[in-house]
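Report on the structure given below.
Order of the sequence lines fixes the chain letters, A, B, ..., with proteins taken first and strands second; residue numbering starts at 1 for each chain.
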Amino acid sequence: MFDFNSLILDRTEADVARGTAKGFYNATDLNRVEGAVLELNNILFDAGYPIGVQAKTDWLRTSLPTEEQMIRYLANIQLLQRRFYKGKSVVLPSSMQWLGIIGANDIEKIVKELEEVRQGMVANYVYCGTFDCGGEIV
Amino acid sequence: MKDFIDRLSTKPNRYKLTEEGTGKVSYAKVERADVPTREGTPLNRAAFLALQGMEGSTTVFNANGSIGETSTTGKTVTEFLADGSIRETFTGVSGMVVRKTTSFQADGSIREVIS
(Lines give C-alpha, C1' and ligand atoms only; values in the text may rest on other atoms or scores of the structure.)
Protein backbone atom coordinates (compact mmCIF):
# COMPACT_ATOMS: atom_id res chain seq x y z
CA MET A 1 0.00 0.00 0.00
CA PHE A 2 1.37 3.38 -1.00
CA ASP A 3 2.11 5.92 1.74
CA PHE A 4 0.69 9.21 0.48
CA ASN A 5 2.49 11.02 3.31
CA SER A 6 5.72 10.25 1.47
CA LEU A 7 4.80 12.65 -1.32
CA ILE A 8 7.08 15.70 -1.46
CA LEU A 9 5.21 18.99 -1.56
CA ASP A 10 7.74 21.43 -0.12
CA ARG A 11 10.77 21.62 -2.39
CA THR A 12 12.44 25.02 -2.18
CA GLU A 13 15.07 27.02 -4.03
CA ALA A 14 17.34 26.35 -1.06
CA ASP A 15 17.10 22.61 -1.73
CA VAL A 16 18.35 23.25 -5.26
CA ALA A 17 21.11 25.62 -4.09
CA ARG A 18 22.31 23.24 -1.39
CA GLY A 19 22.03 20.20 -3.65
CA THR A 20 19.84 18.22 -1.25
CA ALA A 21 17.86 15.19 -2.42
CA LYS A 22 14.76 17.34 -2.80
CA GLY A 23 16.70 19.64 -5.10
CA PHE A 24 16.89 17.05 -7.85
CA TYR A 25 14.21 15.24 -9.85
CA ASN A 26 15.24 11.68 -10.50
CA ALA A 27 14.19 8.03 -10.50
CA THR A 28 12.97 8.08 -6.89
CA ASP A 29 10.62 10.97 -7.70
CA LEU A 30 9.30 9.21 -10.79
CA ASN A 31 8.77 5.96 -8.89
CA ARG A 32 7.05 7.75 -6.00
CA VAL A 33 4.60 9.61 -8.24
CA GLU A 34 3.95 6.63 -10.50
CA GLY A 35 3.42 4.43 -7.42
CA ALA A 36 0.87 6.88 -6.03
CA VAL A 37 -0.88 7.16 -9.39
CA LEU A 38 -1.06 3.37 -9.73
CA GLU A 39 -2.46 3.02 -6.21
CA LEU A 40 -5.14 5.62 -6.90
CA ASN A 41 -5.95 3.90 -10.19
CA ASN A 42 -6.51 0.57 -8.44
CA ILE A 43 -8.48 1.91 -5.47
CA LEU A 44 -10.69 4.07 -7.64
CA PHE A 45 -11.41 1.17 -9.99
CA ASP A 46 -12.94 -0.75 -7.09
CA ALA A 47 -14.97 2.35 -6.21
CA GLY A 48 -16.55 2.51 -9.66
CA TYR A 49 -14.09 4.86 -11.37
CA PRO A 50 -12.12 3.02 -14.05
CA ILE A 51 -9.19 5.35 -14.77
CA GLY A 52 -6.90 3.20 -16.92
CA VAL A 53 -3.47 4.68 -16.18
CA GLN A 54 -0.32 3.06 -17.50
CA ALA A 55 2.33 3.37 -14.84
CA LYS A 56 5.99 2.43 -14.67
CA THR A 57 7.27 2.03 -11.12
CA ASP A 58 10.72 0.58 -11.72
CA TRP A 59 12.71 3.61 -12.80
CA LEU A 60 16.44 3.25 -12.14
CA ARG A 61 19.15 5.87 -11.68
CA THR A 62 20.44 4.83 -15.07
CA SER A 63 17.05 5.11 -16.80
CA LEU A 64 16.69 7.70 -19.52
CA PRO A 65 13.06 8.84 -19.67
CA THR A 66 11.88 9.51 -23.19
CA GLU A 67 9.64 12.42 -24.12
CA GLU A 68 6.85 9.93 -24.79
CA GLN A 69 7.24 8.43 -21.33
CA MET A 70 7.06 11.85 -19.73
CA ILE A 71 3.94 12.72 -21.74
CA ARG A 72 2.40 9.52 -20.38
CA TYR A 73 3.60 10.43 -16.87
CA LEU A 74 1.58 13.66 -16.89
CA ALA A 75 -1.28 12.18 -18.91
CA ASN A 76 -1.86 9.65 -16.12
CA ILE A 77 -2.59 12.50 -13.73
CA GLN A 78 -4.82 14.20 -16.28
CA LEU A 79 -6.74 10.93 -16.58
CA LEU A 80 -7.25 10.83 -12.82
CA GLN A 81 -8.50 14.41 -12.95
CA ARG A 82 -10.85 13.80 -15.86
CA ARG A 83 -12.28 10.53 -14.62
CA PHE A 84 -12.43 11.28 -10.90
CA TYR A 85 -11.81 14.82 -9.70
CA LYS A 86 -10.10 18.00 -10.84
CA GLY A 87 -9.30 20.59 -8.21
CA LYS A 88 -9.00 24.26 -9.02
CA SER A 89 -6.13 25.36 -6.81
CA VAL A 90 -3.15 23.61 -8.42
CA VAL A 91 -2.38 23.44 -12.13
CA LEU A 92 -0.59 20.46 -13.65
CA PRO A 93 2.59 21.41 -15.55
CA SER A 94 2.07 21.21 -19.30
CA SER A 95 5.39 19.45 -19.79
CA MET A 96 8.21 17.81 -17.86
CA GLN A 97 10.75 19.78 -19.89
CA TRP A 98 12.50 22.34 -17.67
CA LEU A 99 10.42 21.24 -14.71
CA GLY A 100 11.08 23.55 -11.75
CA ILE A 101 10.47 23.12 -8.04
CA ILE A 102 6.99 24.63 -8.28
CA GLY A 103 5.96 22.23 -11.03
CA ALA A 104 7.49 19.27 -9.19
CA ASN A 105 5.63 20.21 -6.02
CA ASP A 106 2.40 20.80 -7.91
CA ILE A 107 2.45 17.32 -9.47
CA GLU A 108 2.59 15.72 -6.04
CA LYS A 109 0.13 18.22 -4.53
CA ILE A 110 -2.42 17.16 -7.13
CA VAL A 111 -1.86 13.49 -6.37
CA LYS A 112 -2.14 14.16 -2.62
CA GLU A 113 -5.34 16.13 -3.11
CA LEU A 114 -6.84 13.33 -5.19
CA GLU A 115 -6.20 10.89 -2.34
CA GLU A 116 -7.63 13.29 0.24
CA VAL A 117 -10.77 13.79 -1.84
CA ARG A 118 -11.08 10.03 -2.26
CA GLN A 119 -10.77 9.52 1.49
CA GLY A 120 -13.46 12.16 2.05
CA MET A 121 -15.70 10.36 -0.43
CA VAL A 122 -15.29 7.06 1.42
CA ALA A 123 -15.94 8.78 4.77
CA ASN A 124 -19.25 9.99 3.33
CA TYR A 125 -20.38 6.56 2.14
CA VAL A 126 -23.75 5.41 3.35
CA TYR A 127 -23.95 1.73 4.13
CA CYS A 128 -26.76 -0.78 3.80
CA GLY A 129 -28.71 -0.91 7.03
CA THR A 130 -27.94 2.62 8.17
CA PHE A 131 -30.93 4.56 6.91
CA ASP A 132 -34.63 4.25 6.26
CA CYS A 133 -36.15 4.05 2.81
CA GLY A 134 -39.94 4.17 2.68
CA GLY A 135 -40.10 3.07 6.29
CA GLU A 136 -37.90 0.04 5.87
CA ILE A 137 -34.21 -0.30 6.57
CA VAL A 138 -32.03 -0.40 3.46
CA MET B 1 -28.61 3.88 -17.46
CA LYS B 2 -28.44 6.31 -14.59
CA ASP B 3 -25.03 7.78 -13.79
CA PHE B 4 -24.54 7.65 -10.03
CA ILE B 5 -21.63 9.73 -8.82
CA ASP B 6 -20.37 9.97 -5.28
CA ARG B 7 -20.52 13.12 -3.22
CA LEU B 8 -17.07 14.70 -2.87
CA SER B 9 -17.04 16.93 0.19
CA THR B 10 -14.24 18.93 1.72
CA LYS B 11 -15.65 18.30 5.21
CA PRO B 12 -17.12 14.77 5.37
CA ASN B 13 -19.92 14.11 7.86
CA ARG B 14 -20.14 17.78 8.89
CA TYR B 15 -23.63 19.00 9.70
CA LYS B 16 -25.07 22.42 10.38
CA LEU B 17 -27.19 22.75 13.51
CA THR B 18 -29.65 25.62 13.83
CA GLU B 19 -31.28 26.11 17.22
CA GLU B 20 -35.00 26.49 16.94
CA GLY B 21 -36.15 29.79 18.35
CA THR B 22 -32.77 31.52 18.63
CA GLY B 23 -31.64 30.58 15.15
CA LYS B 24 -28.12 30.14 16.51
CA VAL B 25 -25.98 28.18 14.07
CA SER B 26 -23.25 25.72 14.93
CA TYR B 27 -21.51 22.93 13.08
CA ALA B 28 -20.89 19.38 14.21
CA LYS B 29 -19.25 16.30 12.84
CA VAL B 30 -21.70 13.41 13.11
CA GLU B 31 -20.56 9.84 12.61
CA ARG B 32 -22.14 6.53 13.43
CA ALA B 33 -20.66 5.01 16.57
CA ASP B 34 -22.72 1.82 16.72
CA VAL B 35 -19.70 -0.51 16.78
CA PRO B 36 -20.93 -2.73 13.92
CA THR B 37 -19.96 -6.37 13.73
CA ARG B 38 -20.39 -5.98 9.98
CA GLU B 39 -20.05 -2.66 8.21
CA GLY B 40 -22.53 -3.32 5.42
CA THR B 41 -22.25 -2.74 1.69
CA PRO B 42 -21.47 0.85 0.68
CA LEU B 43 -24.21 2.30 -1.50
CA ASN B 44 -21.80 4.03 -3.84
CA ARG B 45 -21.13 4.50 -7.54
CA ALA B 46 -19.65 1.03 -7.89
CA ALA B 47 -22.72 -0.56 -6.33
CA PHE B 48 -25.27 1.35 -8.38
CA LEU B 49 -23.42 0.80 -11.64
CA ALA B 50 -23.19 -2.92 -10.86
CA LEU B 51 -26.96 -3.00 -10.30
CA GLN B 52 -27.31 -1.72 -13.85
CA GLY B 53 -25.01 -4.39 -15.23
CA MET B 54 -21.93 -2.17 -15.50
CA GLU B 55 -19.60 -4.57 -13.74
CA GLY B 56 -16.63 -6.44 -15.07
CA SER B 57 -17.03 -10.21 -15.12
CA THR B 58 -15.67 -13.41 -16.61
CA THR B 59 -18.05 -15.97 -18.04
CA VAL B 60 -17.21 -19.63 -18.50
CA PHE B 61 -19.28 -22.34 -20.12
CA ASN B 62 -18.78 -25.50 -18.13
CA ALA B 63 -18.66 -29.04 -19.47
CA ASN B 64 -21.84 -29.95 -17.54
CA GLY B 65 -23.78 -27.26 -19.38
CA SER B 66 -23.82 -24.74 -16.56
CA ILE B 67 -22.57 -21.18 -16.93
CA GLY B 68 -20.35 -19.48 -14.39
CA GLU B 69 -20.00 -15.69 -14.14
CA THR B 70 -17.38 -14.33 -11.77
CA SER B 71 -17.15 -10.65 -10.83
CA THR B 72 -15.59 -8.64 -8.02
CA THR B 73 -18.78 -9.08 -5.98
CA GLY B 74 -19.11 -12.85 -6.28
CA LYS B 75 -19.95 -15.73 -8.56
CA THR B 76 -23.20 -16.71 -10.25
CA VAL B 77 -23.71 -20.24 -11.53
CA THR B 78 -26.62 -20.85 -13.89
CA GLU B 79 -27.80 -24.42 -14.26
CA PHE B 80 -30.37 -25.75 -16.69
CA LEU B 81 -32.22 -28.51 -14.88
CA ALA B 82 -33.74 -31.66 -16.34
CA ASP B 83 -37.31 -30.50 -15.60
CA GLY B 84 -36.78 -27.43 -17.78
CA SER B 85 -36.29 -24.99 -14.93
CA ILE B 86 -33.29 -22.72 -14.52
CA ARG B 87 -31.42 -22.38 -11.23
CA GLU B 88 -29.15 -19.38 -10.64
CA THR B 89 -26.96 -19.48 -7.54
CA PHE B 90 -25.08 -16.37 -6.46
CA THR B 91 -22.31 -16.71 -3.90
CA GLY B 92 -21.08 -13.32 -2.74
CA VAL B 93 -17.54 -12.60 -1.66
CA SER B 94 -18.94 -12.57 1.89
CA GLY B 95 -19.79 -16.24 1.43
CA MET B 96 -23.54 -15.62 1.55
CA VAL B 97 -25.60 -17.55 -0.97
CA VAL B 98 -28.87 -16.67 -2.68
CA ARG B 99 -30.60 -18.83 -5.24
CA LYS B 100 -33.31 -18.15 -7.82
CA THR B 101 -35.16 -20.95 -9.53
CA THR B 102 -37.20 -20.10 -12.60
CA SER B 103 -39.76 -22.62 -13.73
CA PHE B 104 -42.12 -22.54 -16.67
CA GLN B 105 -45.68 -23.51 -15.73
CA ALA B 106 -48.14 -25.54 -17.79
CA ASP B 107 -50.45 -22.51 -18.13
CA GLY B 108 -47.66 -20.49 -19.76
CA SER B 109 -46.78 -18.46 -16.68
CA ILE B 110 -43.32 -18.22 -15.18
CA ARG B 111 -42.59 -18.81 -11.51
CA GLU B 112 -39.47 -17.49 -9.83
CA VAL B 113 -38.57 -18.63 -6.35
CA ILE B 114 -35.82 -17.14 -4.20
CA SER B 115 -34.28 -19.48 -1.67
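In B/Met96, the CE atom is not crowded: 12 or fewer heavy atoms of neighbouring residues, nucleotides or ligands sit closer than 6.0 Å. The environment of B/Gln105 atom CD is dense: over 12 non-hydrogen atoms of other residues, nucleotides or ligands sit within 6.0 angstrom. In A/Gln54, the CD atom is not crowded: 12 or fewer heavy atoms of neighbouring residues, nucleotides or ligands sit closer than 6.0 Å. No more than 12 heavy atoms of other residues, nucleotides or ligands sit less than 6.0 Å from atom CD of A/Glu68. By the 6.0 Å contact criterion, NZ on A/Lys56 is enclosed, its count of non-hydrogen atoms from other residues, nucleotides or ligands being greater than 12.
Residues of residues 27-45 of chain A lying within less than 4.5 angstrom of chain B, judged on heavy atoms, are absent. Close approach to chain A, defined as a heavy atom under 4.5 Å from one of its heavy atoms, is seen in no residue of residues 54-91 of chain B.
By the criterion of side-chain heavy atoms lying less than 4.5 angstrom apart, applied directly or through intervening Ile, Leu, Val, Met, Phe, Trp or Tyr residues, B/Phe104 is not grouped with B/Val113; the two fall into different hydrophobic clusters. A/Ile101 and A/Met70 are assigned to two separate hydrophobic clusters, defined by single-linkage of ILVMFWY side chains at heavy-atom distances under 4.5 Å. Residues A/Leu9 and A/Tyr85 are members of one and the same hydrophobic cluster, defined by side-chain heavy-atom contacts under 4.5 angstrom among Ile, Leu, Val, Met, Phe, Trp and Tyr. Following chains of ILVMFWY side-chain contacts shorter than 4.5 Å, one cannot reach A/Leu74 starting from A/Ile8, and the two form parts of different hydrophobic clusters. B/Leu8 and A/Leu80 fall within a single hydrophobic cluster, where Ile, Leu, Val, Met, Phe, Trp and Tyr side chains are chained together by heavy-atom contacts under 4.5 Å.
When all heavy atoms of A/Tyr125 and B/Pro42 are compared, the closest pair comes out as CD1-CB, 3.6 Å.
Between chain A and the residues B/Ala50, B/Gly40, B/Pro36, the largest count of heavy-atom pairs under 4.5 Å involves B/Gly40. The greatest number of non-hydrogen atom pairs below 4.5 Å with chain B, out of A/Gly120, A/Ala47, A/Pro50, is found for A/Ala47. In terms of non-hydrogen atom pairs under 4.5 Å with chain A, the most contact-rich of B/Asn44, B/Asp34, B/Ile5, B/Leu49 is B/Asn44.
Under the ring-ring contact (aromatic ring centres under 6.0 Å, His included) criterion, A/Tyr49 pairs with A/Phe84, not counting sequence neighbours.
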What side-chain donor-acceptor pairs closer than 3.5 Å can you find for residues 9-18 of chain B, not counting sequence neighbours?
{"from": "B/Ser9", "atom 1": "OG", "to": "A/Asn124", "atom 2": "ND2", "distance (Å)": "2.6"}
{"from": "B/Asn13", "atom 1": "ND2", "to": "A/Ala123", "atom 2": "O", "distance (Å)": "3.0"}

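Looking at B/Arg7, both its backbone and its side chain come within 4.5 Å of chain A, counting heavy atoms on both sides.
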